[in-house]
Number of protein chains: 2
Amino acid sequence: MPRGRAPGYDTQREQILACAAELFARQGYTATSMNQVALACGVSKPSLYHYVRDKYQLLVEIAEDHVNRLKALVARAQQLPLDPPARMRELIGSFLEVYADAQAAHRVLTEDVKFLEPVDRERVLDAQREVVAAFAEAIADTRPALRATELHKPLTMLLFGMMNWMFTWLQPGGKLTHAAMAPIVADLFFGGLNAVRLPASQAPPARGTAAAAKKIARRA
Amino acid sequence: MPRGRAPGYDTQREQILACAAELFARQGYTATSMNQVALACGVSKPSLYHYVRDKYQLLVEIAEDHVNRLKALVARAQQLPLDPPARMRELIGSFLEVYADAQAAHRVLTEDVKFLEPVDRERVLDAQREVVAAFAEAIADTRPALRATELHKPLTMLLFGMMNWMFTWLQPGGKLTHAAMAPIVADLFFGGLNAVRLPASQAPPARGTAAAAKKIARRA
DNA sequence: CCTACCGATCGGTAGG
DNA sequence: CCTACCGATCGGTAGG
């Protein structure tokens with residue numbers, strides 16, 4: 001048997017990360033004590049410190065692991081041989097699937113990132129920006145005229161708003177699931193895209209948008 | 001001059017609430033100390049406690065004031081003589097206007113409500129549920145067939161997702177403003193509504209939605 | 001209004 | 001010698 005970590009060390013470590021994520025998500029990072037983490041994980045506090053350097057490292061790893069999971073989803077979707085609309089539906093579906101499986105980590109990523117030190121925060125936010133940029137490109141691929149207007153970026157953020165807000169109202173045990181919402185989100189977003197009028201107006205008219213769209217297009 | 005509070009008491013008190021909301025929004029409720037609040041407000045700590053009973057009361061009043069502001073917007077929109085789509089656009093526009101003016105309070109309402117004690121939290125969440133219910137009705141009024149499917153409730157939450165997520169990506173000083181986004185949000189949402197297929201299928205077809213919509217309709 | 005200070009609890013680590 | 005822990009308590013700092 002090779003020297004090094006005891007068998008089960010990594011397993012125990014992952015359970016601690018999952019368990020800490022649950023507490024951070026429910027109570028917030030600062031309001032959660034290491035005593036609570038230890039209690040919830042079923043280990044003593046000194047033992048807890050055997051698996052993690054300190055409380056801060058818990059936050060860093062939870063956030064970083066999750067954002068890396070999202071980056072992996074994007075990379076996988078880019079490899080699949082799909083047309084632009086199908087790729088977008090794949091992205092939306094796989095993101096909501098991960099959101100459902102890692103709800104605690106996702107909430108920590110969105111609410112507790114402000115507690116990261118600048119260097120760590122920037123690394124996590126950079127990864128997040130990569131993910132958002134990939135979505136924005138996938139969206140622009142479904143409607144290339146969007147690209148010149150720069151409108152695809154705020155539209156991407158509206159899509160993330162729909163998805164990232166779901167943890168506030170979709171109960172884990174409820175009848176309505178993330179999986180059931182995926183096609184609804186996709187239909188709503190694609191249907192809406194066609195209703196947003198572009199500055200050059202290749203699209204069907206929609207009232208009230210022209211002025212705002214021009215204001216945005218002026219930046220480009 | 002009548003006895004009672006010194007002149008300017010209420011003004012000073014409101015400034016303290018606004019200033020505390022700013023800190024809570026940036027650092028979170030638990031991570032913010034009363035020393036920081038006093039310093040940022042330009043008063044001594046004992047003086048701060050002359051205007052507010054304790055730290056918890058700051059949180060309660062910030063959240064409650066803001067949700068009451070939102071309830072007032074809904075009440076006003078219901079009085080205006082508008083057809084259903086115009087009323088929805090009015091609601092979206094006025095909400096984003098308040099979001100822009102009270103960004104700190106809005107973030108506290110959405111992120112720190114978990115630190116309220118059960119009785120206070122339920123009171124605030126009840127008010128929030130009233131606001132959401134009014135939006136859901138206004139949405140259903142624009143497309144009555146939605147009501148029977150119960151789909152208008154998750155769709156309402158997707159709309160709130162788009163709006164409530166905006167504070168994460170719309171910088172206060174940026175070229176893109178809440179006001180400019182209002183018609184874009186409205187167009188995207190209305191355009192999307194028409195693409196969501198209903199169980200009884202009075203609507204134009206949209207792929208991938210039928211199964212999920214039926215799953216939801218089964219609850220009714 | 002300020003300095004000073006309390007009871008309680010924090011994150012983290014000693015000895016065994 | 002190593003690891004994997006426990007009971008007890010450290011120095012600092014929070015709200016008030």
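Each chain gets a letter, A, B and so on, in the order the sequences are listed, and its residues count up from 1.
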Shortest side-chain distance from His50(A), nucleotide among dG12(C), dA4(D), dG16(D):
dA4(D)
Where the side chain of Asp54(A) is defined as all heavy atoms beyond and including C-beta, which of dG12(C), dC6(D), dA4(D) is the nearest nucleotide?
dG12(C)
Pairwise C1' distance, dG12(D) and dA8(C) [rounded to whole Å]
13 Å
Whole-Å distance separating the CD atom of Gln12(B) from the C1' atom of dC1(C):
13 Å
Please confirm whether the shortest side-chain N or O distance from Ser47(B) to OP1 or OP2 of dC1(C) is below 4.0 Å.
yes
How many Å lie between CG on Asn35(B) and P on dG12(D), as a whole number?
18 Å
Could you tell me which non-hydrogen atom of Gly93(B) sits nearest to which non-hydrogen atom of Ala182(B), and how far apart they are?
CA-CB, 4.1 Å
Find the distance Met34(B):CE to dA8(C):C1' and express it as a whole number of Å.
18 Å
Base, sugar-phosphate or nothing for Thr32(A)? Non-hydrogen atoms, less than 4.0 Å.
sugar-phosphate
Return no unless some side-chain N or O of Ser33(B) is found under 4.0 Å from OP1 or OP2 of dG15(D).
yes
Using the C1' atom on both, measure dT9(C) against dG11(D) and round to a whole Å.
13 Å
May I ask you to say whether Lys114(A) pairs ionically with Glu111(B), meaning some side-chain N is under 4.0 Å from a carboxylate O?
yes
Do Lys45(B) and dG16(D) share a donor-acceptor pair, side chain to base, under 3.5 Å?
yes
Over 60° means perpendicular and under 30° means parallel, so tell me whether Tyr29(A) and Phe115(A) are parallel, tilted or perpendicular.
tilted
What integer distance in Å separates Lys55(B):NZ from dT13(D):C1'?
13 Å
In plain terms, say whether Arg123(A) and Asp126(A) are close enough for a salt bridge, that is, a side-chain N and a carboxylate O under 4.0 Å apart.
no
List the steps and the verdict of side-chain hydrogen bond (donor to acceptor under 3.5 Å, both in side chains) for Asp54(B) and Tyr49(B).
CA-CA 7 Å; Asp54(B) 53 22; Tyr49(B) 276 94; over 6 Å; no
Run the numbers on Asn164(B) and His106(B) for side-chain hydrogen bond (donor to acceptor under 3.5 Å, both in side chains), then give the verdict.
CA-CA 8 Å; Asn164(B) 286 348; His106(B) 189 64; 3.1 Å; yes
Between C1' on dG16(D) and CD on Gln57(B), what's the gap in Å once rounded to a whole number?
15 Å
What base-paired stems does DNA chain C take part in, with at least 3 consecutive Watson-Crick or G-U wobble pairs and both distances under 3.5 Å?
none
Provide, to the nearest angstrom, the distance between the OH atom belonging to Tyr49(A) and the P atom belonging to dC6(D).
15 Å
Tyr56(A) near the nucleic acid: base, sugar-phosphate alone, or nothing, with a heavy-atom cut-off under 4.0 Å?
nothing
If I take atom CD1 in residue Ile16(A) and atom P in nucleotide dA4(D), what distance separates them, rounded to the nearest angstrom?
12 Å
Length of the CZ-P vector between Arg53(A) and dT13(C), whole Å:
11 Å
Before giving the answer on salt bridge (charged side-chain N to carboxylate O under 4.0 Å, His left out), spell out for Glu150(A) and Lys153(A) the whole-Å C-alpha distance, their side-chain angles and the decisive distance to 0.1 Å.
CA-CA 6 Å; Glu150(A) 289 288 323; Lys153(A) 291 176 181 179; 3.5 Å; yes
